[in-house]
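Written below as structure tokens is the structure these notes are about.
Excluded from the calculations below are hydrogen atoms, water molecules and symmetry mates; all remaining heavy atoms, backbone and side chain alike, are included. Numbering of ligands and ligand atoms starts at 1, following listing order. For clarity, every value in this text was computed on a predicted model and none was experimentally measured.
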Amino acid sequence: MKIDLHSHTNHSDGLLPVAELLARAISCNLDVLAITDHDTVSALPQAAAWLTETQAPLTLINGVEISTAWHEFEIHIVGLNIKPDCPQFLARLASQQQRRLQRAEEMARRLEKAQIPGALEAVLAEVGDGAITRSHFARFLVKTGRADSMNAVFKKYLARGKTGYVPNNWVDLASAVQWIHDAGGQAVLAHPLKYNLNGRYLKRLVTDFAAAGGDAMEIISPQQTPVQRRELWALCQQHQLTASVGSDFHQPTAWNELGKHLYLPDDVTPVWVSWGLISKRAVSESKAEPQAEPESELNRTAAKSAASTISMDTPT
Ligand code: AMP
Ligand code: MN
Ligand code: MN
Ligand code: MN
């Protein structure tokens, strides 16, 4: 089964609308996709409706990516299988959105002082009802010629300590894990190698996350070496965490694609081990095959091959 448990739509800082993201997932042969927008679940009802309407053979996992504060770092916690209509959870996410708006106002003030006016208006016009993120500011700055790539613009204006960076007051890490559990989901430490932590801090982070009741860690992200994957899995095992996989897809690029190269080694326990996932694609393909006599060899072989496609042990 092909599984990707970390992706974004234009309800936060992804570029694709919900239907385009789902259609892309299907053309990439994904069986399972989690939509995990930043501090919002507003894409999820639309995604569910689209899948019902199209009957596409894709399983949607209701997800979210919560920004949290841990020491002086911003750590992202993905929630999987959360209930997207839980009122308490929605109110908690609304508090994060309020923090996002206040931060955006302050970012725009700072940029204006640095002779870059009009950022807030431009960003709000692009965001609509979605989550306001630094990526929106980055796109505005690229569009208005302040830098020529997202990476360069983050380095110059939006990274910690730069003109447009405003420290945030995110929910603390342990509370975010609790929020996800209260909403019926599993908490996953996202892209642990993206925080530029040294080895000692990374171990402290995983220890604190596990102590807070965290469930899993993303050990498979794009552009990681096999050695890094092994080290992350070793950390998971030390703390009884399961493993997750995610592209963190935001938009089509030359270096990232939904579900691409997210192979989980056979000896790893995946976060979905108890979800009872089945490949809708394999089921619909086996239904489409011509039916032979019930007891024929052909039929028994077809049943066997469908069963092996849905096995949890096959690489994703
Ligand atoms: P925020 O949650 O508003 O602080 O925005 C963080 C988002 O900015 C991340 O989820 C990434 O999508 C994006 N981001 C962070 N650093 C970079 C970078 N160097 N280049 C491009 N995008 C980045
Ligand atoms: Mn993002
Ligand atoms: Mn993230
Ligand atoms: Mn993400």
Electrostatic pair R281-D31, nearest N-O below 4.0 angstrom: yes
Electrostatic pair D39-R99, nearest N-O below 4.0 angstrom: no
Report the part of [X] in contact with ligand 1, treating N, CA, C, O as backbone and CB onward as side chain, heavy atoms under 4.0 Å; options are side chain, backbone, both, neither.
X    : value
H38  : side chain
K194 : neither
N168 : neither
H8   : neither

pair W272-L80: side-chain heavy atoms closer than 4.5 Å: no
Presence of N, O or S from H8 under 2.8 Å of the Mn ion (ligand 4): yes
Atoms of ligand 1 close to T133 [distance to a heavy atom under 4.0 angstrom, numbered from 1]: 3 (O)
R100 heavy atom under 4.0 Å from ligand 1: yes
Any E65 heavy atom less than 4.0 Å to ligand 1: no
Atom of E65 nearest the Mn ion (ligand 4) (restricted to N/O/S, atom name only): OE1
Of the N, O or S atoms in D248, the one nearest the Mn ion (ligand 4): OD1
Pick from F154, F137, W170: the one approaching atom 22 (N) of ligand 1 most closely through a non-hydrogen atom: F154
Between H76 and H38, ring centroids under 6.0 Å: yes
Distance flag, aromatic centroids of F137 and Y157, threshold under 6.0 Å: no
